[in-house]
Amino acid sequence: MSIGFIILFLGLIPALWKRSGLFSIVWLMGSGFIAFEYLEVLYSRNVQDYLLLFPDPIGTANIGLNKLSAFFGVIFSIGLPLGMLYGHFYLKEHPGPGLRSHLFWLGLLGLSMHGLLWMRHSLLFLMLWEVMSISSFLCVIQDRSASLKAALNYIITMQIGAGFLIAGFGLLYLQTGSFDLSTLAAMPRLPMYLLMIGFAFKAGFVPFSSWLPQAHPVAPAHVSGIMSAMMIKAGLYGILVIISINSFNLREIAIFCLISVVTAFWGVIHAMISSNVKKALAFSSIENMGIIGIGLSVGLLGLDAGIPMMATLGFAGALLHTFFHSLFKALLFYLSGNILCASHTLEADQLGGLAKAMPRSAACFLIGTFAISALPIGNAFISEFSIYTGLLSAMAAHDLPAIVISVVLLAAMAFIGALALIAFAKLFGIIFLGEPRSEQATKARECPRGMCLPQVVLVAGILLTGIFGNVGLRFVKPLLRWMQLDMSGYIGLRNTFSQISIVLGIVLLVFGLLYLIRKLCVKDIVSPTWGCGYHKPSPRMQYTSLAFVHPLSYFLKPFILIKKERIKAEGLFAREVEYAEHSEDPFWKCIVEPVSKALNWFFGLFSGMHNGRTDAYIAWCVGFLIVVLVWVLGFK
Amino acid sequence: MFELIKARLRHGYQAIPNPLQAQINPAFPGCPFLAADADLPALAALCPTGAFSEKGLDLGKCTFCGACQRKYPEMIDFKPDFRLASDSREALYIAPGTQYQARFASPNTKLFQRSFALRNVSAGGCNACELELGASTNVNFDMGRYGIEIVASPRHADALILTGPISRSMAEALAETWKAIPAPKCLILCGCCAISGGVFAPSVQLDRSFLAHWPASIYIPGCPTHPLSIVHAIHSFMGAK
Amino acid sequence: MANPILIQSPDQLEFTTFTQKLRELMQSGYTLLHCFGSDEGLMYALLGKSGDVQLLCSTFPPGKEYSALTVDFPAFSMYERSLYEDYGIRAWGHPQLKVLKAFTDDHADHNDYNFLASESPALHEVGVGPVHAGVIEPGHFRFICRGEIVEHLEIKLGYQHRGVERLMLKGDIRTKNCLAESIAGDTSIGHALAWCLVLEGLAGTKAAGFHTRMIALELERIAMHLSVLSALSADVAYIMGQNMFAALRTTVINSSLAICGSRFGKRWLTPGGVNYSISKAQADTLSKTMEEVRIQVTDCCEALFNSSSVLSRFDDTGILKIQDALALGLTGITAKSSGIFTDARMDYPLSDEISFTALCENSGDVWARAHLRYREIIQSLDLVSRNLERLDPSAQLCVALEDFAPDSIACGIVEGYRGRIVHLCKTDPAGKPLWYKILDPSFTNWQALALVMRNGQISDFPICNKSFDLSYSGSDL
């Protein structure tokens, strides 16, 4: 524990000197050390525990790792340093104000994320949780002018989530008299639900997800990447801590299923209609959280229905997806940073044709698209494959609820998967193919090599885990064993993944050979696109992001709240045609906005008091003191 | 449903069994015979497109309006024979005392023997040739039976079939379409306007420079070209057995 | 009121009086038949109201600019664009003062045409043509789309411009049969007839072969309506209809071929009469064929208009509102299917011998236009048989034309299968043609296609386009 953390702490020093390069190198080193420790815990038996004695009310704090936290630790120690490294290059290309404080908060964010995993004491856990929330908030508002509103929304949402956690832990303390997280087994229900809701805020489950699509587009790319790929996993970690040591009844599982499916569906339809790259990616994070949730509910359902195979495959899928999502989502967010640096916009409708100017980024994005759409050679294929087989294995059992839920989940997963493919085919097509739609897109140039380095590492990771499914599977194996799941499902999955690796290997080889043969034997003839004999095609004659999904979004209309701004072609001779639409978050629109309006109105009643006159203020003070005095004396 | 079956039964079999050997109505003005003693200047005075010269009759300019035949039936006779096309411009000249006959040199390529994809460019055509070209694919003439089809994109085409005299506005689009057709490709001129400009030849609004660069492989006279002429011409060019 | 109309040396009005009078006539219910400028530096407007035709003439407006009549009478829109392009007369306040056909005078070429553009990044444009996927004439369609929904369509033609009006004056106008037939090859009879009427009007000749001419005109209408029904069937994947209507059209046009030697009735008409008469035997065959066609068309159309898959595409697709059609002064099938009771055969009859009442539909959608064509085919079959009964095989083919009246304007109005065709010619004091003006109904009717596409699916464009079946060459000349 000590060496890794000390190094990471030392990373704060170069941060204060604005040395972002050194900062990221320190993080790389520190993460290496700390990852070693996590892996040790994950693969060997000795679990390190420290007992710290604090004055009351904290008391004796148990600090240490188990397999679950070590698993997340490995994910963090792979993802965070790459994020810091990308941040170094990104901030060079796209400098903003306040580098010193930004690096400092970034370092603190990473430290708190790591620290969180070690805490077995709920008060310390909460403390670090708050540090994580606040430092990430301060990272988001690097460019204050653009991001303050969204970031404030984020921090307020996080505080509400933390409120649930405090309430949950408080109730737990009142009922068990202990702050120890390991007493979470066989929890009373109310605090458990409160904790689950609190963690769901962070993990971005619907309906607590409205902060994600608002905060991500305005945050710097590396911060978005770290938050979306790693930090929301902290919420997931909390949920897993509860799930892994508690049992649930069918009704609870069904509700969890429902929330997960709604989350995935919600995320994917909004990802599909978003024209802003980062917004789409943020919504896609919500979708992937939903898929992980579906995997977890498959696991729980397997446990509940007594289908061990299903439980193993479900949990394995969920854990694999957690790991894989941290790779491809980070990759895609970093690529959105490349796009921003090259063209100064994230609106897909302003971009186009970037594949010609930015071949490296385009290739990486394509791999990311494969991964996120769960196509073979992308790694989400492996994790979703595991969840699908888990669902299918329920068919063999004679348990009606399990079969019904599985059929519904299968259909939902298939539909969501297809929508995700459309969403990312659209994003890749509109951004990288065709012709530039704006001047800034025309001027786009490939980013420096260094910037692509973390992305190449992530691509390599995606391909490695995507082609060789067993790499990921070996990673979750200790966890499955720790959760005391049936290992025959694991063995079956391992054999299937081996076969998939062989098939994919052969297919890739054949394609590679064919490509080579074509390259050598066929001379390419390049001629302009056939444009019906019209010689002056304009870049506006390309599908826009709205047009790409229009027929589909037409049918999904009941699920999307869209605000339209339209100038119709009127009269016999139209002079103007304009159209714009924005999707709106109904939770935001129907809950947050009315509440904040009501609060505004309520406090507006007192605005007269703020009149700038000192005598009036003194009068308020005196009045207040009198009221307090009366209250105290009156009740005594 | 029953209306449809009733209509279909009444409709019967409409396809022409063999379009290459079809019998055409005797009123059709086809391959002309020019008498040896034809008074060419008199004929030339009648002709609206100047198809007559001292060399004889230029079928590429003839609109088959029949003005000459109506006045001098003994000098010129348009026989009801639709086999009008030839594969060279020279073959369309008819010297006095000769009967016009379609001429196709034996094809030097077997490339298009079984399948031939056409892309039509209408460049200032009056829509008559276009309609007849469309009719060639209908249930009566059905040139698809010989593997001849009209395709939607030049990328899929083997040949460009041009109708119309090439208006200035279409010259560039025509060249563009020709460029978009992958080699090997050939050019077919369908109708009097495409071959010579026809009635529009004197107009300043034409730009026929395209034809100076690219020689045509088939010339199909007619105003408009009869679908049977089109089918015969393309089939002869393909050299299919 | 006879058709053709001969007007002896019309008065030249002051431009302000001209527009004043125009406004008065338009307000009192006259229809604008044509409005054009000429090389003499004069502007003409031809207006008509149930048989009464008024020709107004004026000098060009001072400074070649005036305030657009389109603002109050949208029917002027295309004509004012044409005046702007051909004579540089600028109509201020015109909402769309853009060129129609390129490559004239000093105007920019097609590629610099100033299409209505949208700034919205969410909307995209679709540019189609001039080379289309089918075997059709060239034109460029520019859609502004919201996904698959068309927000706006702008049609840029002019690719077919061959200078027909000027070619008419090169050489002897009496020998321009082929040219008149090639104004729009699909309406060769309609345009040839209008041209014949103009020449006969100038010469003051009463033409022979009236019934033969009427038969030719109705045969063309039947054939082209069948062609449209075939194309419409093809576009909604009603293959049976596509093939049967196409085969029926072949039957009809082969009847033309049997008489005159051309499937399109080219070379049939000539000024003063016809080139080919219909013999007794031919008349019998023709009437038998027409009877068979009537039975089959009825059968096919009953099947077509009872097919739910066809109706689901035709119904409520591409609705043209009657007030739009009236405002733009549209004619022919386009106007009649929106409920406007107009037909040149009724308003400007060539003879009172055969009574005629126009047919109408009210819904203005693709179905109305298709169904009206069906009803017109049946009506035309009737007309053919009525004309066949009155046919006199022994009558003279053709009478020779007299010399043209000097300094006069003749006008011929014919209801082609698309609508009202107007030809005008003016002679100089020596009786030589000074100018020749042609108006195909497509020229104004194209505006209807652009209108009905708004808020429609882009995939409905082909059937909307086919249902109007407008001419490119007739519009571009």
Side-chain angles (χ1 to χ4, degrees), chain B residues 3-4 6-8 10-11 14 24-25 27-29 46 48-49 63-67 70 78 119-135 137-140 150 152-154 164-165 167-170 173-174 176-177 193 198-200 202-206 223-224 226, chain C residues 101-103 109-110 130-131 133-138 158-164 166-167 170 175-179 181-186 188 227 230 240 243-244 246-250 254 257-264 266-267 275-276 295-296 299-300 302-303 306-307 471-473 476:
Chain B
E3 291 112 330
L4 194 68
K6 188 178 141 209
R8 181 67 192 84
R10 176 103 199 176
H11 192 61
Q14 292 290 332
I24 198 161
N25 193 296
F28 177 75
L46 280 175
T49 51
T63 62
F64 299 83
C65 70
R70 280 193 296 272
F78 287 91
R119 174 84 283 265
N120 169 242
V121 174
S122 165
C126 72
N127 201 26
C129 287
E130 288 81 355
L131 280 172
E132 292 294 48
L133 183 59
T137 62
N138 76 10
V139 64
N140 303 104
I150 295 169
S153 165
S167 56
R168 275 166 62 184
S169 328
M170 275 305 286
L174 172 65
E176 200 99 329
T177 314
C193 290
V199 286
F200 303 109
S203 174
V204 291
Q205 299 294 345
L206 303 188
C223 183
H226 196 283
Chain C
K101 26 184 203 288
F103 294 110
D109 72 315
H110 285 280
V131 180
V135 185
I136 53 169
E137 297 172 77
Y159 291 95
Q160 292 281 64
H161 181 52
R162 297 143 295 168
V164 177
R166 288 188 198 277
L167 275 179
K170 270 193 184 166
T175 63
K176 297 293 179 185
N177 303 47
C178 293
L179 187 63
E181 286 159 353
S182 300
I183 292 166
D186 38 29
S188 23
S227 165
S230 167
M240 192 74 91
N243 287 331
M244 292 201 286
L248 283 171
R249 171 175 175 262
T250 309
N254 279 349
L257 183 134
I259 297 161
C260 71
S262 161
R263 289 170 23 116
F264 289 78
K266 291 196 172 191
R267 72 196 218 150
N275 279 331
Y276 300 91
I295 294 167
Q296 290 209 22
D299 285 354
C300 289
E302 287 304 313
N306 280 317
S307 159
S471 172
Y472 302 70
S473 52
D476 294 344

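Below, chains carry the letters A, B, ... as their sequence lines are ordered, and counting in each starts from 1. These numbers were taken from a predicted model, which means no experiment stands behind them.
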In terms of heavy-atom pairs under 4.5 Å with chain C, which of [options] leads?
options                        : answer
B:N25, B:L206, B:L133          : B:N25
B:E132, B:H11, B:K6            : B:H11
B:T177, B:N140, B:V204, B:V139 : B:N140
B:R8, B:E176, B:Q14            : B:R8
B:S167, B:A123, B:G66          : B:S167
B:P165, B:P154, B:C223, B:G125 : B:G125

Criterion side chain to side chain contact (heavy atoms under 4.5 Å, CB included) on C:L257 and B:H226, from CA distance to verdict: CA-CA 11 Å; C:L257 183 134; B:H226 196 283; 4.0 Å; yes
Do [X] and [Y] make a side-chain contact, defined as non-hydrogen atoms from C-beta onward lying under 4.5 Å apart?
X      : Y      : value
B:E130 : C:S473 : no
C:D476 : B:Q205 : no
B:C65  : C:N177 : no
C:V131 : B:R119 : yes
B:P202 : C:L167 : yes

Interface residue of largest heavy-atom contact number with chain B, from [options], under 4.5 Å:
options                        : answer
C:S227, C:S188, C:A247, C:G163 : C:A247
C:N243, C:I136, C:N275         : C:N275
C:A258, C:C300, C:A246, C:S471 : C:A258
C:K176, C:M240, C:R263         : C:R263
C:E181, C:R166, C:Q296         : C:Q296
C:E302, C:K266, C:K170, C:R249 : C:K266

Residue part contacting chain C, namely of [X], when any heavy atom lies under 4.5 Å:
X      : result
B:A67  : neither
B:L4   : both
B:R10  : both
B:C129 : neither

To check you understand the geometry: which heavy-atom pair defines the closest contact between [X] and [Y], and what is its length?
X      : Y      : result
B:S169 : C:G158 : OG-O, 3.2 Å
B:N127 : C:D186 : ND2-OD2, 2.5 Å
C:R267 : B:F64  : NH1-O, 2.9 Å
C:P130 : B:A173 : CG-CB, 3.7 Å

With sequence neighbours excluded, residues passing side-chain hydrogen bond (donor to acceptor under 3.5 Å, both in side chains) with C:Q160: C:E137
C:R162 (side chain) donor-acceptor with B:S203 (main chain) under 3.5 angstrom: no
Short side-chain to backbone donor-acceptor contact, C:T175 and B:P48, under 3.5 Å: no
With sequence neighbours excluded, residues passing ring pair (Phe, Tyr, Trp, His ring centres under 6.0 Å) with C:Y472: C:W446
Interatomic distance, B:T49 atom OG1 to C:L179 atom CG [nearest 0.5 angstrom]: 11.5 Å
